[in-house]
**Student:** 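Pasting in a structure now, in structure tokens, and then I'll have a few things to ask.
Chain identifiers are assigned alphabetically (A, B, ...) following the order of the sequence lines, protein sequences preceding nucleic acid strands; residue numbering begins at 1 within each chain.
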Protein chains: 2
Amino acid sequence: MNASTEPANGQVVIGLNAVIVAIIEEQPKVLVVQHTSETLTAQHETLTERTALPHNNRHEALPFGPFYPLKHRTLESGLRSWVEEQTDHEIGYVEQLYTFGNEGRDPREEAAGARLVSVGYLALVQDTAPTAIENAVWQDWYRFFPWEDWRDGPPTILESDIIPALRKWIEQAENNIEQKDRYERTCITFGLDDTPWNDELVLERYELLYEASLVAERQDSLDKGDISNQHGTAMALDHRRILATAIGRLRGKIKYRPVVFELMPPTFTLLQLQKVVEALSGSLLHKQNFRRLIEKKGLVEATGKIETQTGGRPANQFRFRREVLMERQTLGI
Amino acid sequence: MNASTEPANGQVVIGLNAVIVAIIEEQPKVLVVQHTSETLTAQHETLTERTALPHNNRHEALPFGPFYPLKHRTLESGLRSWVEEQTDHEIGYVEQLYTFGNEGRDPREEAAGARLVSVGYLALVQDTAPTAIENAVWQDWYRFFPWEDWRDGPPTILESDIIPALRKWIEQAENNIEQKDRYERTCITFGLDDTPWNDELVLERYELLYEASLVAERQDSLDKGDISNQHGTAMALDHRRILATAIGRLRGKIKYRPVVFELMPPTFTLLQLQKVVEALSGSLLHKQNFRRLIEKKGLVEATGKIETQTGGRPANQFRFRREVLMERQTLGI
DNA sequence: ACCACTTATACTAATATTGAGCATAATGTG
DNA sequence: CACATTATGCTCAATATTAGTATAAGTGGT
């Protein structure tokens, strides 16, 4: 065993996982790496292959970049450098999400006696040109979480499928206390029985489904092949959990910080802005109130130019007033 | 060089830094390790010593625990186990703050060709018995950030000292653009010229002072010995930055999640609860509105018992309804 | 030119929330 | 018993939010 390539016992290797988000045609997209065969290109780092590829070698994964202690001054600069290098996109906004150090996250690393610690990042980009990342494509994020999109009313999969399965899971609890606990958590996360739906609980919902063995990532989930796409497309390792963290965080953040603008082109109409917010939050907004809110916050100013391709009356084009960025502005929705 | 003890080139070592918060006599306290001499006790891990001790060996530091990949299943369980072991306190709440991978954070690690990555955690404890951590004591957190405590009105140090120094720094900008930038950021963070004070910008304020060479941690800060205690007590390495992150995060969090209760005893009066919130946010609240808010949220229920040591009319004792914990409850203040 | 259709934008009424304060209740103390 | 002290109930105005109606300004078709 060579110490410089193969980690010694009890050591740690750091990887950077990026949830790279963009809006394409008013849909929320996330950059995912797809692997359709065992064939691996040799260009990637050993680490990249190890993490991006799940055991069964079939799932989509979040793009992954290694952290080189000797090359990168900080973790964030490491992330920025490899993302910008590989995607040619300028990153408007980067936020550290969470650092996962879970045992068993990557069995191959474990076997070598090392632990893979992955730092998850959320990156927002405006430009969506094709990337240089191997096999990377933009995917609608609701493909992985179909129950999170309420823009066309309550998702059918909820009533027809998930809620019944969860009720069954509640019934199957070992004892009364456990049953009550399951019921209450389901109420809160999935808005059962009059409890209102909370768009920020993306991670909590995913984890409840995981606990109830209703997602394919769970090893003991029933009829795996079937469930894999039924309850959203599965991802490699715990990448769907990281994505859920990102979506929940972003949904929370747009309510009190002006991060939406990082996803917008330089100028935009108020309806375009609204559609983006709706795409992220997965719900519809009242148009007149939305524009009143936006205008009151003073985050935006008219450019004087007019957008005529609206399909109706032409709209004013606005620009984000980047000057006020630092202030803890509320963009409540 | 032995690969199993001495990290090889380009490798990474992970440390867990904990901001452990408790309320003692209505003051916000944080557990800090004090080192008054060069003498090191042999009981600590090499890593602990390396990180807890600054170069000049004089500053206070946040307690530090190593992450053992072979022993700890997750990062959080690693943190919980060493904190609970060393403090004998039960941790009510743990939140990951941020993962710092800054170059030059620990020169000794760097010299050995390794990078220290530290994961910062915020931990809230109720019980405040003496701890088993070497030299650890509870310190009022406003000792490190005297400008953050507005409970007795605007802190004198601000008007008398910090604001003038910042104005001077703004004046000294190289050009007009830089000057305007400095002025705007100072307005936003320190509430200059009518801009309202924002209690959450703890980190941003500290970093502005750092940039203006007004804190002792900055190597080129003017007359170091003097400034060290004038603008708050300095800490080792970037620990004051981690503490600022923790305070800002906690101040933000109590506004929309019921985390205060993790710092409360099992039963408490509404005034006690208010005092704790005030201690954390560093500002005073309107009493009647506070209780109206708390009661409306339904996070709390009367126990029926009565507290008679109030100094006036006896008060009802309340208990936190832990059942509603998961719900994204708003405890707006 | 006129129509149907689409989107933009102004304005309004009803309701809820918030901020500030008054009034009263219940205790201990000199 | 006056008085200081804290608890708690209640009001009132200012402000914000929700859910509309009404009107403006374009498009394309006939």
**Student:** Just so I know, are the side chains of B:Val21 and B:Lys29 near enough to count as touching, which here means a heavy-atom distance under 4.5 Å?
**Tutor:**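 No, too far: nothing below the 4.5 Å cut-off.
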**Student:** Within the pair A:Lys296 and D:dA16, is there a side-chain N or O less than 4.0 Å away from OP1 or OP2?
**Tutor:**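 For D:dA16, OP1/OP2 do not have a side-chain N/O of A:Lys296 under 4.0 Å.
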**Student:** Which residues pass the side chain to side chain donor-acceptor pair (under 3.5 Å) test with B:Glu301, not counting sequence neighbours?
**Tutor:**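 So B:Glu301 forms a side chain to side chain donor-acceptor pair (under 3.5 Å) with B:Arg319.
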**Student:** Assess, by modelled atom type and distance only, whether the side chains of B:Glu204 and B:Tyr206 contain a donor and an acceptor separated by less than 3.5 Å.
**Tutor:**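 No, no side-chain donor-acceptor contact under 3.5 Å.
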**Student:** Return each pair, listed once, that meets salt bridge (Lys or Arg N to Asp or Glu O under 4.0 Å) where at least one residue sits in residues 148-158 of chain A; pairs must be two or more places apart or across chains.
**Tutor:**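 Listed once each, the pairs are A:Glu148-A:Arg205, A:Glu148-A:Arg251, A:Asp149-A:Arg151.
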**Student:** Provide, to the nearest angstrom, the distance between the NZ atom belonging to A:Lys297 and the C1' atom belonging to D:dT15.
**Tutor:** 12 Å
**Student:** Quickly work out the B:Phe290 CZ to C:dA20 P distance and round it to whole Å.
**Tutor:** 16 Å
**Student:** Residues in side chain to side chain donor-acceptor pair (under 3.5 Å) with B:Arg291, at least two apart?
**Tutor:** none
**Student:** In whole Å, I'd like the distance from the CD atom of B:Gln309 to the P atom of C:dA26.
**Tutor:** 19 Å
**Student:** Send over the distance from A:Gln317 CD to C:dT9 P, rounded to a whole Å.
**Tutor:** 11 Å
**Student:** Could you tell me which residues satisfy side-chain contact (heavy atoms from CB on, under 4.5 Å) with A:Ala165, sequence neighbours excluded, listed by chain and number?
**Tutor:**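 With neighbours one apart ignored, the set is A:Leu214.
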**Student:** Would you kindly give the NZ-to-C1' distance between A:Lys255 and D:dT17, to the nearest whole Å?
**Tutor:**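 In whole Å, D:dT17 C1' and A:Lys255 NZ are 15 Å from each other.
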**Student:** For a quick check, with a 4.0 angstrom heavy-atom cut-off, what is the B/S/- contact string for nucleotides 5-12 of chain D, read 5' to 3'?
**Tutor:** BBBBBB--
**Student:** Please report the distance, rounded to the nearest Å, between CD1 in A:Ile306 and P in D:dG26.
**Tutor:** 7 Å
**Student:** Taking only residues two or more places apart in sequence, or in another chain, which ones meet A:Asp161 in a side chain to side chain donor-acceptor pair (under 3.5 Å)?
**Tutor:** A:Gln230, A:His231
**Student:** With sequence neighbours left out, write down each residue that passes side chain to side chain donor-acceptor pair (under 3.5 Å) with B:Ser283, or none if nothing qualifies.
**Tutor:** B:Ser281
**Student:** Specify the separation, in whole Å, of atom CG of B:Leu293 and atom P of C:dA16.
**Tutor:** 17 Å
**Student:** For residues 270-287 of chain A, pull every pair meeting salt bridge (Lys or Arg N to Asp or Glu O under 4.0 Å), keeping only residues two or more places apart or in separate chains.
**Tutor:**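 Qualifying pairs: none.
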**Student:** Taking only N/O atoms, report every protein-nucleotides 28-30 of chain D pair under 3.5 Å with atom names and distance.
**Tutor:**
none

